[in-house]
Amino acid sequence: MANIVINRIRKSFGAFDALKEVSLTINDGEFVSLLGPSGCGKTTLLRIIAGLETASTGDVSIGDKSVIGLAPRDRGLAMVFQNYAVFPHMSVYENVAFGLRMQKAEDARVKAQVEKAAGLLHIEQYLDRYPNKLSGGQRQRVAVARALAVEPKVLLMDEPLSNLDALLRLEMRTELKTVLQSSGTTTIYVTHDQTEAMGLSDRIAVMHGGIVEQVGTPIDVYNHPATRFVGGFIGNPPMNFIRMPVSNGQVCAGSERLATPAQSGGEIILGLRGEAVELAPLPQGLEMKVRVAEPMGSHLLLTGSIHEQPVRVILAASETVRSGDTIGLKLDSKRITWLSPESGKAFPAAAA
Ligand SMILES: Nc1ncnc2c1ncn2[C@@H]1O[C@H](COP(=O)(O)OP(=O)(O)OP(=O)(O)O)[C@@H](O)[C@H]1O
Ligand SMILES: [Mg+2]
């Protein structure tokens, strides 16, 4: 078993708390992404799991054994670094073979594994070259191939696809998912790219300012963000947040009254996914002033305002809305997230 348990990890650099108290369990064979903006502590957490950094307090266990105090090489894991460290004095072949050589694998196994990993990452044609004759993206693929070649039980990857162009990145993403799923490798994958995290992960841990704000399946995190930060970070366009007055526990959306979890008065934030709307005639629909209409081919993206607050919504490509129009929207009430204006936290979803 190669489950990973991260228990109340804190890490301070001087007076700065890079990790404030992080707990997270990754099941055997699971693919979990650490997703969050630059500086939120993703690499620090990964380095602590790998043993390259010591936690200030807290515990990490792999396969139900604490690894605190164990050297990185004794933790039974492979890692791909953010800066794709490849060895400049070794050919690509020897770079990919490195972990296997350390394990004193037989030449035949080394050859077979190197060829397999190189094939997956499309670097077969570079095996004789040295890293200084490769592009950044090619070097990055060498680093991923090196980690995969040892068929590790636990794989830690830090932004492994960041230097690839969009098309290659999409292709590598699919390849990685296929190979890791079939090998049952427990994987922690660091990224700040939410589409990548959504596409690859069994679960996503959304990090922000040294804490994990939410852990859940991609669909769960997308549909039921626990906080305003998560809703705004995940999804393209991000979730819309519209502050609305509450009366008798309800808000008005055009002629419709929507029940909210708020007490009778005050204000509430309506969290709305851009695609959870359809056109409705005014005045029944909720009024939106469209500033810009962008036909994207697959859909129509509208940027404008509702109650003078900025919003982005998505309609079917066939709808004819133009920049400058005022339109009515019917909201899909089942897809609304209600949030507290004070705490930015979501109210628990109403029972369906
Ligand atoms: N050795 C260090 N000394 C002091 N501060 C550090 C050190 N390493 C990291 N930090 C700080 O800790 C915070 C978290 O850094 P970390 O590298 O984990 O971020 P990250 O989420 O991986 O960001 P990115 O997406 O940019 O790679 C940052 O504010 C960073 O400046
Ligand atoms: Mg990082």
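One-based numbering, in listed order, for ligands and for the atoms of each. The figures that follow rest on heavy atoms only: side chains count, while hydrogens, waters and symmetry mates do not.
Heavy-atom neighbours of Q125 CD from other residues, nucleotides or ligands within 6.0 Å: above the threshold of 12. Other residues, nucleotides and ligands contribute only 12 or fewer heavy atoms inside 6.0 Å of the CZ atom of R257. Around atom CZ of R312, no more than 12 heavy atoms belonging to other residues, nucleotides or ligands sit under 6.0 Å away. Atom NZ of K177 has more than 12 heavy atoms from other residues, nucleotides or ligands within 6.0 Å.
Under the 4.0 angstrom criterion for non-hydrogen atoms, G36 is not in contact with ligand 1.
Each of the following atoms of ligand 1 lies closer than 4.0 Å to a heavy atom of F16: 11 (C), 12 (O), 13 (C), 29 (O). Atoms of ligand 1 lying under 4.0 Å from any heavy atom of A18, numbered from 1 in the order shown and given with element: 12 (O).
When only non-hydrogen protein atoms are considered, atom 26 (O) of ligand 1 lies nearest to S38 OG, 2.5 Å. Scanning the protein for heavy atoms near atom 17 (O) of ligand 1, the closest one is T43 CB, 3.6 Å. Remark: minimum distance from atom 23 (O) of ligand 1 to any protein heavy atom is reached at G39 N, 2.8 Å. Atom 27 (O) of ligand 1 has its closest protein heavy atom at Q82 NE2, 2.9 Å. Considering only non-hydrogen protein atoms, atom 16 (P) of ligand 1 sits nearest to T44 OG1, 3.5 Å. Remark: minimum distance from atom 6 (C) of ligand 1 to any protein heavy atom is reached at F13 CD1, 3.3 Å.
Contact annotation for atom 31 (O) of ligand 1: protein absent (non-hydrogen atoms, distance under 4.0 Å). Of the protein's heavy atoms, at least one falls inside 4.0 Å of atom 4 (C) of ligand 1.
With respect to D28 and K153, no salt bridge is recorded, no charged nitrogen being found less than 4.0 Å from a carboxylate O. The pair R203-E30 meets the salt-bridge criterion, since a charged nitrogen lies less than 4.0 angstrom from a carboxylate oxygen. Between E308 and K289 there is no salt bridge, since no side-chain N of the basic residue sits under 4.0 Å from a carboxylate O of the acidic one.
Comparing R47, K11, H192, K42 by heavy-atom distance to atom 25 (O) of ligand 1, the nearest is K42.
Among the atoms of T43, an N, O or S atom falls under 2.8 Å of the Mg ion (ligand 2).
Exactly one residue among E175, K116, M172 makes a side chain to side chain contact (heavy atoms under 4.5 Å, CB included) with L121. That residue is M172.
Between F233 and F229, the ring planes are parallel. Angles under 30° get that label, and only those over 60° would be called perpendicular.
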